[in-house]
Amino acid sequence: MSMQLRSERPLPVDMATAWAALNDDETLRRCIPGCESLAREGQDMLVATVCLAVGPVKARFSGTVRMEDVRPPEGYRLVFDGQGGMAGFGKGTAVVQLTTLPDGGTLLTYDAVAQVGGKIAQIGARLVNAAAQKIAAEFFTRFERELATRLPL
C-alpha cells in the first residue's frame, strides 16, 4: 500500500537554528514518537528503533534513514526503510525544505511518499494514513517545543 504525506509548518526560529535542530540526533530522538534509540552511522545515515501502534497492530520497527542531496541549511532528501517483523515494513522517501519567512522565522515543508506492507497494510489505507498524520503531528509538536528552548531569552 502506498501513501503520500505533505505539509508545511512555520517554525519560530531562523533557518540556521531549524537546520541545526533537524540534524541533531538527540533532538530527533526526543521528537520522534515511540523512538527507543537513534544513532548516527557515518555522516549521512541514522539507525533507529521505534515502537509504534497503527490501529490494533503494535510493533517495534528497526530501520535506517539515509540523507541525500544535502543542501545546508535549505534541506535534504531522506530515504527510509524500517522492518517491524510480523507487523510488516515501511519504506519511502521524504523531501524536506526550509525557507525563510518574512518575519525571520522558517517555513519547513515536507513531501513524503511511503509504502507499507504486511499486517499494517491489511488494516486499510484510511487508518494507516490517519496514524501517519497523527505521528507527524506529534513529531512537529515536540519539535516546536524543542525549538522554543533554543530561542534567546
Side-chain angles (χ1 to χ4, degrees), residues 2-55 57-84 87 89-116 120 126-153:
S2 183
M3 63 181 179
Q4 188 161 15
L5 288 171
R6 280 189 184 136
S7 189
E8 53 184 41
R9 302 287 290 235
L11 303 174
V13 295
D14 62 33
M15 273 178 54
T17 302
W19 178 259
L22 284 172
N23 288 281
D24 180 71
D25 302 350
E26 189 55 30
T27 297
L28 292 174
R29 186 192 63 72
R30 287 191 300 266
C31 294
I32 297 169
C35 187
E36 296 177 349
S37 68
L38 183 72
R40 191 165 293 269
E41 280 193 8
Q43 187 174 344
D44 64 350
M45 175 98 63
L46 295 169
V47 178
T49 301
V50 178
C51 188
L52 294 173
V54 179
V57 178
K58 184 174 182 180
R60 179 170 282 109
F61 288 84
S62 297
T64 60
V65 178
R66 190 174 67 251
M67 292 167 240
E68 297 179 345
D69 189 24
V70 179
R71 302 169 323 282
E74 297 170 1
Y76 43 53
R77 181 174 183 263
L78 303 173
V79 179
F80 53 90
D81 187 356
Q83 301 294 323
F89 69 88
K91 63 181 179 178
T93 61
V95 175
V96 178
Q97 183 78 28
L98 300 175
T99 53
T100 299
L101 291 169
D103 67 2
T106 302
L107 182 66
L108 183 150
T109 305
Y110 69 89
D111 189 354
V113 177
Q115 292 179 316
V116 296
I120 289 176
R126 190 179 320 182
L127 190 56
V128 172
N129 280 327
Q133 290 182 4
K134 181 180 176 191
I135 291 165
E138 178 64 24
F139 171 84
F140 283 110
T141 297
R142 293 177 181 188
F143 189 68
E144 288 167 7
R145 262 197 315 259
E146 286 282 330
L147 290 175
T149 67
R150 297 170 186 235
L151 293 174
L153 299 176

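By convention here, the first residue in the shown sequence is residue 1.
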(message) On a heavy-atom basis, which atom in Val50 and which in Pro33 lie closest, and how many Å separate them?
(response) CG1-O, 3.3 Å

(request) Start with the C-alpha distance between Met3 and Gln115, add both sets of side-chain angles, then the distance that settles side-chain contact (heavy atoms from CB on, under 4.5 Å), and finish with yes or no. (result) CA-CA 6 Å; Met3 63 181 179; Gln115 292 179 316; over 6 Å; no

(message) Tell me whether Arg142 is salt-bridged to Glu146, with the criterion being a basic N under 4.0 Å from an acidic carboxylate O.
(response) no

(message) Tell me the closest heavy-atom pair linking Leu127 and Gly55, and the distance in Å.
(response) CD2-CA, 3.8 Å

(request) Would you check if the side chain of Arg66 reaches a backbone N or O of Thr64 as a donor-acceptor pair within less than 3.5 Å? (result) no

(request) To the nearest 0.5 angstrom, please state how far the CG atom of Asp24 sits from the CH2 atom of Trp19. (result) 13.0 Å

(request) Using a cut-off of 6.0 Å, state whether more than 12 heavy atoms not belonging to Glu26 lie near its atom CD. (result) yes

(message) For a side-chain contact (heavy atoms from CB on, under 4.5 Å) check, start with the C-alpha distance between Tyr76 and Val95, then their side-chain angles and the critical distance, and finish with the verdict.
(response) CA-CA 6 Å; Tyr76 43 53; Val95 175; over 6 Å; no

(message) Is the shortest side-chain heavy-atom distance between Leu52 and Ile135 below 4.5 Å?
(response) yes

(request) Hey, could you give me the CZ/SG distance between Phe139 and Cys35, rounded to the nearest 0.5 Å? (result) 10.5 Å

(request) Nearest 0.5 Å please: distance from the CG atom of Leu98 over to the CG atom of Leu107. (result) 8.5 Å

(message) Under the criterion side chain to side chain donor-acceptor pair (under 3.5 Å), I'd like the reasoning laid out for Gln4 against Asn129: C-alpha separation, chi angles, the key distance, then a yes or no.
(response) CA-CA 8 Å; Gln4 188 161 15; Asn129 280 327; over 6 Å; no

(message) One pair to check against side-chain contact (heavy atoms from CB on, under 4.5 Å): Leu108 and Glu8. What are the steps and the verdict?
(response) CA-CA 5 Å; Leu108 183 150; Glu8 53 184 41; over 6 Å; no

(message) On a heavy-atom basis, which atom in Phe143 and which in Leu11 lie closest, and how many Å separate them?
(response) CE2-CD1, 4.0 Å

(message) With a 4.5 Å cut-off on side-chain heavy atoms, are Thr100 and Thr106 touching?
(response) no

(message) Would you say Gln97 and Arg77 are linked by a side-chain donor-acceptor pair, where the criterion is simply a distance under 3.5 Å?
(response) no

(message) Looking at Arg9, I want to see if its CZ is surrounded by more than 12 non-hydrogen atoms of other residues, nucleotides or ligands under 6.0 Å.
(response) yes

(request) Would you give the length of the straight line joining atom OH of Tyr110 to atom CG of Leu78, rounded to the nearest 0.5 angstrom? (result) 12.0 Å

(request) Could you tell me whether the side chain of Leu46 reaches within less than 4.5 Å of the side chain of Leu28, counting heavy atoms only? (result) yes

(message) Quick one, Val128 and Ile120 - any side-chain contact, counting heavy atoms below 4.5 Å?
(response) yes

(request) Identify the heavy atoms of Ala59 and Gly84 that sit nearest to each other, and give their distance. (result) CB-O, 3.9 Å

(request) Nearest 0.5 Å please: distance from the CZ atom of Phe80 over to the CE atom of Met67. (result) 13.5 Å

(message) Would you say that Glu68 contacts Val79 through its side chain, given a criterion of any heavy-atom pair below 4.5 Å between the two side chains?
(response) yes

(request) Look only at the side chain of Thr17 and the backbone of Val13, and say whether a donor-acceptor pair between them is shorter than 3.5 Å. (result) no

(message) Within the structure provided, determine whether Thr93 and Asp111 are in side-chain contact (heavy-atom separation under 4.5 Å).
(response) no

(request) Could you tell me which non-hydrogen atom of Leu101 sits nearest to which non-hydrogen atom of Pro10, and how far apart they are? (result) CD1-CB, 4.0 Å

(message) Looking at every heavy atom in both Val113 and Ser2, which two are closest together, and how far apart are they?
(response) CG1-OG, 4.3 Å

(message) Once rounded to the nearest 0.5 Å, what's the spacing between atom OG1 of Thr109 and atom CZ of Arg6?
(response) 11.0 Å

(message) Check Glu36 with Arg29, please: is the shortest side-chain N to carboxylate O separation under 4.0 Å?
(response) no

